[in-house]
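None of the values given here were measured: they were computed from a predicted structure.
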Amino acid sequence: EFSEGHTCQRVQCAPPPEIEHATYEPTGPFRYGDKVEYTIEPGHEVVDPSGKAINGSFSCLCDADGKFNGTCSAELESKPIDCGPAPSVAHATVSGSTLFGGHLVAQADKGFTLDGTPEGPTSFTFHCMADRRFSARYAFEPIQCGLCPDYANVEEVSLDAADHDAAFVQTATTGSKRSGQLKVRSASGGDSVHFHYKARRSGK
């Protein structure tokens, strides 16, 4: 006569590791041969001790020793993704973090704003997105001073070519032999701008 038989049970596994910015399914309990599937939050990646980065999702199996094998057998760390070198913005300086969750600031160079007016915005922020692209950037415009004012006895008024990319021409209405330089300060309190002018005799 045979003794009462016994039923073999699959080895039970300890819970899989908890990883920041990642979740797994199912929730267990787990036994030998069961699989757990991890999903990583957008904008993050899981890095193993060798430096290998995992994006999106990965899976692990409960092994005969009661532990999860494969990727889950290593010490794993979650990190925000890096969008790479910060993009340049014309007529501005860019600074800040290129990591997901951080932000960058584009600060306009002197003489530029977002709308070309002296009172216009001089900076904007953008960031690294979950798809490893940077969010929208904007273009800075040179500040517009408007029309050149009328000056008597002036044939030509122009900005110094060494510092500016604009010129203004104005015809004199009366004769004069004088010439020199005009100094104009902006209404917003910025630096003075020097205008050069020359005179001509009436009728010439």
Applying the 4.5 Å side-chain criterion to the ILVMFWY set and letting contacts propagate, would F134 and V89 be lumped into a single cluster? yes
Return the minimal non-hydrogen interatomic distance between [X] and [Y], and the atom names on each side.
X    : Y    : value
S78  : H21  : OG-CB, 3.4 Å
I54  : I40  : O-CD1, 3.3 Å
F68  : P15  : CE1-C, 4.2 Å
G43  : A130 : N-CB, 3.6 Å
H103 : H127 : CA-CB, 4.3 Å
P118 : I143 : CG-CG2, 3.8 Å

Taking side chain as C-beta onward, heavy atoms only, is [X] less than 4.5 Å from [Y]?
X    : Y    : result
N55  : I81  : yes
R137 : V94  : no
Q107 : T122 : yes
F140 : T113 : no
P121 : D115 : yes

Should side-chain heavy atoms under 4.5 Å link Ile, Leu, Val, Met, Phe, Trp and Tyr, which residues sit in the same cluster as V105?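 Noted: V105 shares its cluster with no other residue.
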Surrounding OH of Y32 (heavy atoms of other residues, nucleotides or ligands, distance under 6.0 Å), is the total greater than 12?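 Check fails, neighbour count at 12 or below.
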Rounded to the nearest 0.5 Å, what separates atom [atom1] in [X] from atom [atom2] in [Y]?
X   : Y   : atom1 : atom2 : result
E25 : T39 : CD    : OG1   : 6.5 Å
E41 : T23 : CD    : OG1   : 7.0 Å
C72 : K67 : SG    : NZ    : 13.0 Å
C60 : Y38 : SG    : OH    : 6.0 Å
E37 : Y24 : CD    : OH    : 13.5 Å
D48 : L76 : CG    : CG    : 7.0 Å

Disulfide (SG to SG under 2.5 Å): which pairs involve residues 78-116, sequence neighbours left out?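 Every pair satisfying disulfide (SG to SG under 2.5 Å) with a residue in residues 78-116: C83-C128.
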Are the ring centres of F126 and Y138 closer than 6.0 Å?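 Distance test on ring centres: not under 6.0 Å, no.
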Can you label the angle between the F100 ring and the H44 ring as parallel, tilted or perpendicular, going by 30° and 60°?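 F100 and H44: perpendicular rings.
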Thinking salt bridges, do D131 and R133 make one under a 4.0 Å N-O criterion? yes
Whether the side chain of E18 engages the backbone of P16 through a donor-acceptor N/O pair (distance < 3.5 Å, no angle test) should be reported. no
